[in-house]
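So that the names make sense, note that chain A is the first sequence line, chain B the second, and so on, each numbered from 1.
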Amino acid sequence: MSEPLLRANELTKRFVSRGPLGSKAEFVAVDGVSFDVRPGETLAVVGESGSGKSTTARMVARLTEPSAGTLEFEGEDITTAKGATLARYRANVQVVFQDPFSSLNPRHTVERILMAPLVYQGIPPTGGKRAHARELMERVGLDPGHSQRYPAQFSGGQAQRIGIARALAVHPKLVICDEAVSALDVSVQAQVIELLRRLQAESGFSYIFIAHDLAVVRQIAHRVAVMSKGRIVEQGPVESVFGDPQDPYTRTLLAAIPRINPEWDRRRREGSPR
Amino acid sequence: MSDLLVVEDLTVTFPTTRGPVDVVKDVCFTVGSDETVGIVGESGSGKSMTSLAIMGLLPRGAVTRGSIRLDGTELLGRGDKDMRRIRGNQVSMVFQDPLSSLNPYYTVGLQIEEVYRAHKGRSRKAARKVAIEALEQVGLPDPERRVDYYPHQFSGGQRQRVMIAMALVCSPALLIADEPTTALDVTVQAQILRLLADLRRESGTGMVFITHDLAVISSIATRVLVMCRGEQVEYGTAEQVFSDPRHDYTRMLLDSVPRIDDSPIDEVMS
């Protein structure tokens with residue numbers, strides 16, 4: 001088994017709110033969460049709202065400081081890394097957010113958006129900005145001729161492709177997708193999932209895929225961690241978590257998923273050979 | 001089964017700077033008094049505009065053509081005053097986001113009582129009793145106490161139960177549920193779907209259920225209308241639409257639905 005790319009060890013996040021008389025209330029959003037992400041694999045973190053999955057993602061991306069626990073990337077402790085070490089970590093770990101329109105600057109052209117990570121990293125774009133931006137757009141299935149357009153000129157699915165292209169600009173080893181396909185229509189969602197899988201197959205990076213939709217997770221994950229109330233209640237390969245769930249919460253979650261009547265679905269698939 | 005709602009050639013047009021745009025085009029369907037008709041489509045398909053047309057709640061400037069008859073009475077072209085009498089009483093609606101549909105300044109009891117008193121003209125005391133019963137009916141524990149709670153004191157699923165209680169307090173003939181479970185967690189969604197199906201069956205209310213989620217439609221609707229860009233692309237029994245779709249768009253939509261029970265990763269790996 002290969003060395004983990006990323007190792008989260010007992011990650012914990014506590015939020016403290018202070019009352020008027022110095023009283024303190026503590027909320028543990030993430031409670032001692034540990035997992036590994038191996039090179040080239042997709043780890044899905046699933047859970048319902050308030051389960052701590054997004055806070056976990058934010059800690060891994062170093063967007064939120066953990067209250068306790070450690071993060072190791074390629075064997076190096078980066079829990080409190082600063083300066084050049086943190087900058088290098090950020091080049092290796094990129095994030096794709098849920099709402100493409102609020103995570104893309106509306107006043108910047110696609111080219112400027114795609115080149116921003118390179119500017120921050122001080123990496124010169126290969127073949128010049130224009131050529132590099134066009135190449136990235138092509139990789140995610142966007143028309144490279146549209147590099148001078150603004151985010152509002154794209155549909156939701158296309159805008160999410162811009163977000164994905166931006167994440168890929170610095171050749172990351174880990175891409176964190178925080179509900180990256182949740183806001184998309186089902187037909188567009190299927191295309192973006194296909195894109196994410198193709199990019200991984202081409203470039204061999206890892207994903208941490210945060211999602212509430214287990215059916216989507218099943219399409220993309222190699223391993224799954226199920227979170228509830230800040231803890232991982234179950235984690236393992238996708239086939240065993242979905243096929244033979246051990247934890248009662250995982251079973252409840254799987255049972256609650258609406259399914260198309262399987263008999264109707266079978267008849268449709270048998271009736272329409274492609 | 002009698003036809004409670006008959007929608008014929010419904011067209012909704014908005015004037016724009018580039019000329020009129022039909023957001024709903026020639027839509028026809030019927031809802032029986034004891035069934036759930038699902039309207040499914042992606043964003044911009046016109047499914048919500050169809051429901052707003054039935055409720056008489058279309059944005060200003062919208063032009064409607066065709067016919068919407070409830071129990072034989074034409075709803076299109078009615079004045080605001082008429083529609084106010086019909087809304088909440090004969091037809092009511094449950095929206096996606098219960099937090100923005102409830103007034104944060106008033107207790108839920110007061111808001112349910114308001115609907116009841118506006119239509120039935122009964123005393124506050126009688127209305128309060130009805131409100132408590134309505135909360136009990138939607139499965140909220142301890143309704144005598146909760147009737148005096150404010151919306152923020154409930155969870156998302158509980159708030160949706162409050163909305164359902166409010167929608168059903170006057171025993172409407174038709175309930176329109178527009179993405180009522182979309183904002184909810186999957187375990188809560190399952191509970192709300194069961195509640196809606198049970199209440200509909202017990203009260204004999206017809207229901208129009210609008211969603212983008214085909215799996216949800218499959219579990220609740222007896223008949224299904226598929227919409228795309230304002231047009232009705234398919235209309236039939238749920239069994240026919242899901243097992244033998246006639247239209248390419250419906251087939252594409254069904255093929256796009258991620259399946260919980262099979263994993264395409266295996267294909268990639270092998």
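In this structure the side chain of B:S219 never reaches within 4.5 angstrom of the side chain of A:R259, judged on heavy atoms. The shortest side-chain heavy-atom distance between B:P258 and A:R218 does not fall under the 4.5 Å cut-off. Between A:D265 and B:F242 the shortest side-chain heavy-atom distance does not fall below 4.5 Å. Taking the side chain as every heavy atom from C-beta outward, A:P258 and B:V186 approach each other to under 4.5 Å.
When B:S45, B:S43, B:S256 are each tested for a side chain to side chain donor-acceptor pair (under 3.5 Å) with A:D185, only one passes: B:S43. Among B:V40, B:L253, B:D213, the one residue that satisfies the side-chain contact (heavy atoms from CB on, under 4.5 Å) test with A:V186 is B:L253.
In A:R139, the CZ atom is crowded: over 12 heavy atoms of neighbouring residues, nucleotides or ligands sit closer than 6.0 Å. Residue B:K25 places its NZ atom among more than 12 non-hydrogen atoms of other residues, nucleotides or ligands, all under 6.0 Å distant.
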Derivation and outcome, side-chain contact (heavy atoms from CB on, under 4.5 Å), residues A:E263 and B:E239: CA-CA 9 Å; A:E263 165 62 22; B:E239 181 176 357; over 6 Å; no
Should B:S218 and A:N261 be marked as a side-chain hydrogen bond (donor to acceptor under 3.5 Å, both in side chains) after you check the CA-CA gap, both sets of side-chain angles, and the distance that decides it? CA-CA 6 Å; B:S218 156; A:N261 181 318; 5.5 Å; no
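Between the CD atom of B:Q189 and the CD atom of A:E48 there is a distance of 10.0 Å, given to the nearest 0.5 Å. A distance of 7.5 Å separates CH2 of A:W264 from OG1 of B:T237, quoted to the nearest 0.5 Å.
Without hydrogens or angle criteria, A:Q219 side chain to B:R259 main chain gives a donor-acceptor distance under 3.5 Å.
Using a cut-off of 4.0 Å between Lys/Arg side-chain N and Asp/Glu carboxylate O, A:R268 and B:D255 are scored as salt-bridged.
Contacts of A:L254 with chain B are made by side-chain atoms alone, with heavy-atom separations under 4.5 Å and no backbone atom involved. With a 4.5 angstrom heavy-atom cutoff, B:L254 touches chain A via backbone and side-chain atoms both. For a residue to count as touching a neighbouring chain, one of its non-hydrogen atoms must lie under 4.5 Å from one of that chain's; by this rule A:Q191 does not touch chain B.
Between B:E42 and A:V188, the shortest heavy-atom distance links the atoms OE2-N, 4.4 Å.
When each of A:G156, A:P262, A:A256 is checked for heavy-atom pairs under 4.5 Å with chain B, A:A256 comes out on top.
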